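Each remark here refers to the structure printed beneath this line.
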Amino acid sequence: MKKISIIIPTYNEEESLPFLYEKLNEIMAKMTNYDFEILFVNDGSKDRTIELIKSFREKDERYNYVDFARNFGQEVAMAAGIDYATGDCAIFMDADLQDPPDLIPEMVKHWEEGYDDVYARRRKRDGESFLKRFTSKMYYKVLQKITRVEIQKDTGNYRLIDRRCINALKQMRESERCLKSMFSWIGYKKKEVLFDRPPRVAGKTKWNYLKLIDLAIDGITSFTTSPLKIATYLAIPTFIVLGMYVIYIIAKCIVTHTFVQAFQAIILLILFFSGIQILLLGIVGEYLGRIFKETKNRPLYLVNEYNGIKEMNSVKN
Ligand code: UDP
Ligand code: MG
């Protein structure tokens, strides 16, 4: 039997977990020709989340958990899910039932048809403020403009990916993470399923605007170093203006039989040196960007325990 891993990052979700547990059991009972592995990644919750998860596991061995040493954020929690998942495919899902588990049979069906990455696209966004809808729309637009790979619109992290996508993502150890763009980067055969995103079942959203802005900047900087190219781009027009001014002054001196005047010389010097400065800054920026890409040697996360066994966190990834 094929095994489906369901990866669920959880942070202070004691209120929604009982609902989720019911729903997952319901789905698993329906899909009897598959093995299941529910993999909770407890992202340093401060409430009773981990106790609840442990109680699920006591009742049902299909429930597994990775317990983080502290809060590392949802993106990293999902990375841990990728590392620990043992299934033939994996489904990412939020703990608050905003990603309705009822969609799983349809996703699995498409997976069986041969798709590697079945992602759920929202038809409309209930329970979200106008501001959040607007900003997320603008963000997609900007991200799409500055990155060359195609990014799926109105798509959260709710998706099913094949084992080979899991293995591909496992190798991507960068610390500025944006899974959404990583899914795009790996490519493979994608399939869209539509769904209505309901409001969260209980508890409060774990995101605030500051966190969202952070995520947005990570999304851009982890994908491209193009902001660093601004300096290079600025240097080019500076040199063009300089060149034209030099020609103009020389021509003028020849025609009027005069010497270069002091103020003209000053302008020339300023243009010349600022041009060089900006250019050098751009070059430094390019190298900085490359160094920045390379210096990602820290472990992404530290695990307290996995299914009740203390993790020593010796290098294994
Ligand atoms: N989450 C997490 N770590 C965090 C913040 C959130 O693991 O630091 C989890 C959270 O428990 C939930 C999912 O990520 O399962 C999505 O969070 P939330 O529902 O608060 O985000 P929203 O749906 O409002 O975008
Ligand atoms: Mg949510």
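Just so you know, ligand 1 is whichever comes first in the structure, and atom 1 is the first atom listed for that ligand. Note that this is a predicted model, so its numbers are computed, not measured. Just the heavy atoms: all of them, side chains too, but no hydrogens, waters or symmetry mates, feed the values below.
The shortest N or O to N or O distance between P9 and ligand 1 is below 3.5 Å. Below 3.5 Å of separation, one finds an N or O of A95 facing an N or O of ligand 1.
Heavy-atom contacts of Q98 reach the following atoms of ligand 1: 19 (O), 22 (P), 23 (O) (cutoff under 4.0 Å). Near G73, the atoms of ligand 1 lying under 4.0 angstrom from a non-hydrogen atom of the residue are 3 (N), 8 (O). Here is the list of ligand 1 atoms found below 4.0 Å of a heavy atom in D96: 19 (O), 23 (O). Atoms of ligand 1 found under 4.0 Å from any heavy atom of E13 (numbered from 1 in listed order, with element): 10 (C), 11 (O), 12 (C), 15 (O).
Comparing D94, V76, D99, T10 by heavy-atom distance to atom 13 (C) of ligand 1, the nearest is D94. The heavy atom nearest to atom 3 (N) of ligand 1, out of those in L20, D43, N42, I8, is found in D43.
Contacts between Q74 and ligand 1 below 4.0 angstrom, taking non-hydrogen atoms only, involve backbone and side chain alike.
The pair R159-D117 meets the salt-bridge criterion, with a side-chain N (NZ, NE, NH1 or NH2) lying under 4.0 Å from an Asp/Glu carboxylate O. Ionic pairing of E26 and K23 is present here: one or more N-O contacts between side-chain nitrogen and carboxylate oxygen are shorter than 4.0 angstrom.
Ring orientation note: the planes of Y306 and Y84 are tilted relative to one another, at an angle of 30° to 60°.
Shortest distance from the Mg ion (ligand 2) to D96 is reached at OD2 (N/O/S atoms only).
A donor-acceptor pair shorter than 3.5 Å can be found between the side chains of S16 and E13.
Atom CZ of R121 has more than 12 neighbouring heavy atoms from other residues, nucleotides or ligands inside a 6.0 Å radius. Atom NZ of K310 is surrounded by 12 or fewer heavy atoms from other residues, nucleotides or ligands within 6.0 Å.
In this structure, K2 is positioned above the aromatic face of W111, its NZ or CZ under 6.0 Å from the six-membered ring centre and within 45° of the axis.
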